[in-house]
Amino acid sequence: RRMGYRADIAANGHEVLEALDRQPYDIVLMDVQMPEMDGLEATRRIIKQWPPDVRPHVIAMTANAMQGDREICLLAGMDDYLSKPIQVRELQTVLERWGQKDPTPPAAVTPELETPADETPASIDWSVLDGLRLLQEEGEPDFVTETITMYINQTPTLIAEMRAAVSQNQAGALKAAAHSLKGNSNSLGAKKVGSLSLKLEKLGRGGVVEGAEALLVELEQEFERVKRAFEAH
């Protein structure tokens with residue numbers, strides 16, 4: 001919206017198809033991993049149900065970034081590919097490539113952002129927050145502060161879910177919580193938390209929880225450092 005587009009949200013592939021039944025769209029930003037119906041299946045159904053001159057352009061969005069992911073998405077019928085964490089400039093480029101832009105979009109405000117003194121400066125890529133600030137509108141609530149506050153509040157819950165998954169030997173639950181924390185962290189530039197979350201996600205994907213405890217201890221320590229740095233910022 002702040003780039004000058006109208007957007008609706010769908011929670012899963014079924015809701016995507018229902019939205020397309022109600023009205024036409026220029027673009028679908030299709031999350032690959034969704035509950036009930038994933039993005040690949042939703043895209044296949046769009047290709048089958050709507051002819052090329054009517055259906056929207058489908059842009060894949062995935063946090064996996066594994067070799068071959070792009071090819072899998074394109075084979076499913078998607079038109080383009082964005083790897084998470086989504087960068088504002090990359091998103092804008094894709095929207096301009098495939099979409100129809102509002103002729104009078106609001107101007108982006110890009111305030112100066114200073115990197116604060118931090119005991120672990122390498123743990124946060126502050127340039128990611130620079131990109132988020134491109135979405136800030138004058139007179140509106142601080143977009144970055146709101147997002148950071150959500151992250152600080154939600155992360156302990158995800159860590160608790162991972163600890164419970166490890167204690168109950170539930171690799172699938174470990175994978176799901178780690179995947180969420182990985183995406184949240186990378187989207188704010190918390191690189192080390194994101195990297196540790198990826199390691200935990202890979203353990204869960206492999207069906208094991210052995211070795212997760214040590215990673216969780218390291219992750220909790222790093223999150224506390226990130227939390228202090230964000231709060232100071």
Minimum heavy-atom separation for [X] to [Y], with atom names?
X	Y	answer
Ala173	Ala165	CB-CB, 3.8 Å
Met162	Ala177	CG-CB, 3.6 Å
Ala76	Thr43	O-CG2, 3.4 Å
Val226	Ala190	CG1-CB, 4.1 Å
Gln154	Asn184	OE1-ND2, 4.3 Å
Gly13	Ala42	CA-CB, 3.9 Å

task = Test Asp80 against His57 for side-chain contact (heavy atoms from CB on, under 4.5 Å), laying out the working first.
result = CA-CA 8 Å; Asp80 212 332; His57 297 293; over 6 Å; no
Do [X] and [Y] have side chains that approach each other closer than 4.5 Å (heavy atoms only, starting at C-beta)?
X	Y	answer
Arg225	Lys192	yes
Met78	Leu40	yes
Val28	Pro56	yes
Tyr81	Thr62	yes
Arg89	Gln92	no
Arg45	Met37	yes
Glu213	Arg163	yes
Val88	Leu91	no

key: All side chain to side chain contact (heavy atoms under 4.5 Å, CB included) counterparts of Asp8, not counting sequence neighbours   = Gln23, Tyr25
ask   = Would Glu231 and Arg228 pass as an ion pair if we require N to O under 4.0 Å?
value = no
query = Is the shortest side-chain N to carboxylate O distance from Lys175 to Glu201 below 4.0 Å?
reply = no
Is there a donor-acceptor pair under 3.5 Å between the side chain of [X] and the backbone N or O of [Y]?
X	Y	answer
Arg55	Trp50	yes
Ser167	Ala164	yes
Asn12	Met34	no

Polar side chain donor-acceptor pair, Ser185 to Tyr151, under 3.5 angstrom = yes
task = Output, in order, the C-alpha distance, side-chain angles, deciding distance and verdict of side-chain contact (heavy atoms from CB on, under 4.5 Å) for Arg133 and Asp142.
result = CA-CA 9 Å; Arg133 287 202 179 277; Asp142 190 315; 3.6 Å; yes
Going only through I, L, V, M, F, W and Y residues with side-chain contacts under 4.5 Å, is there a path from [X] to [Y]?
X	Y	answer
Ile9	Leu17	no
Val16	Ile47	no
Val208	Leu200	yes
Met150	Phe223	no

Working to the nearest 0.5 angstrom, can you tell me the gap between [X] [atom1] and [Y] [atom2]?
X	Y	atom1	atom2	answer
Glu222	Ser195	CD	OG	9.5 Å
Leu219	Ile159	CG	CD1	5.0 Å
Glu220	Leu215	CD	CG	11.5 Å
Asn153	Thr157	CG	OG1	8.5 Å
Met30	Ile46	CE	CD1	4.0 Å
Gln33	Met61	CD	CE	12.5 Å

key: CA sep, side-chain torsions, deciding dist, call: Phe230, Ile152, side-chain contact (heavy atoms from CB on, under 4.5 Å)   = CA-CA 9 Å; Phe230 278 152; Ile152 290 173; 4.2 Å; yes
key: Counterpart residues, side-chain hydrogen bond (donor to acceptor under 3.5 Å, both in side chains), relative to Glu218 (two or more places apart)   = none
message = I need the single residue from Asp125, Val128, Ile148 that forms a side chain to side chain contact (heavy atoms under 4.5 Å, CB included) with Leu188. Which is it?
response = Ile148
inquiry  = Quick one, Ile86 with Ser187, criterion side-chain contact (heavy atoms from CB on, under 4.5 Å). Give me CA distance, side-chain angles, the key distance, then yes/no.
reply    = CA-CA 7 Å; Ile86 304 301; Ser187 295; over 6 Å; no
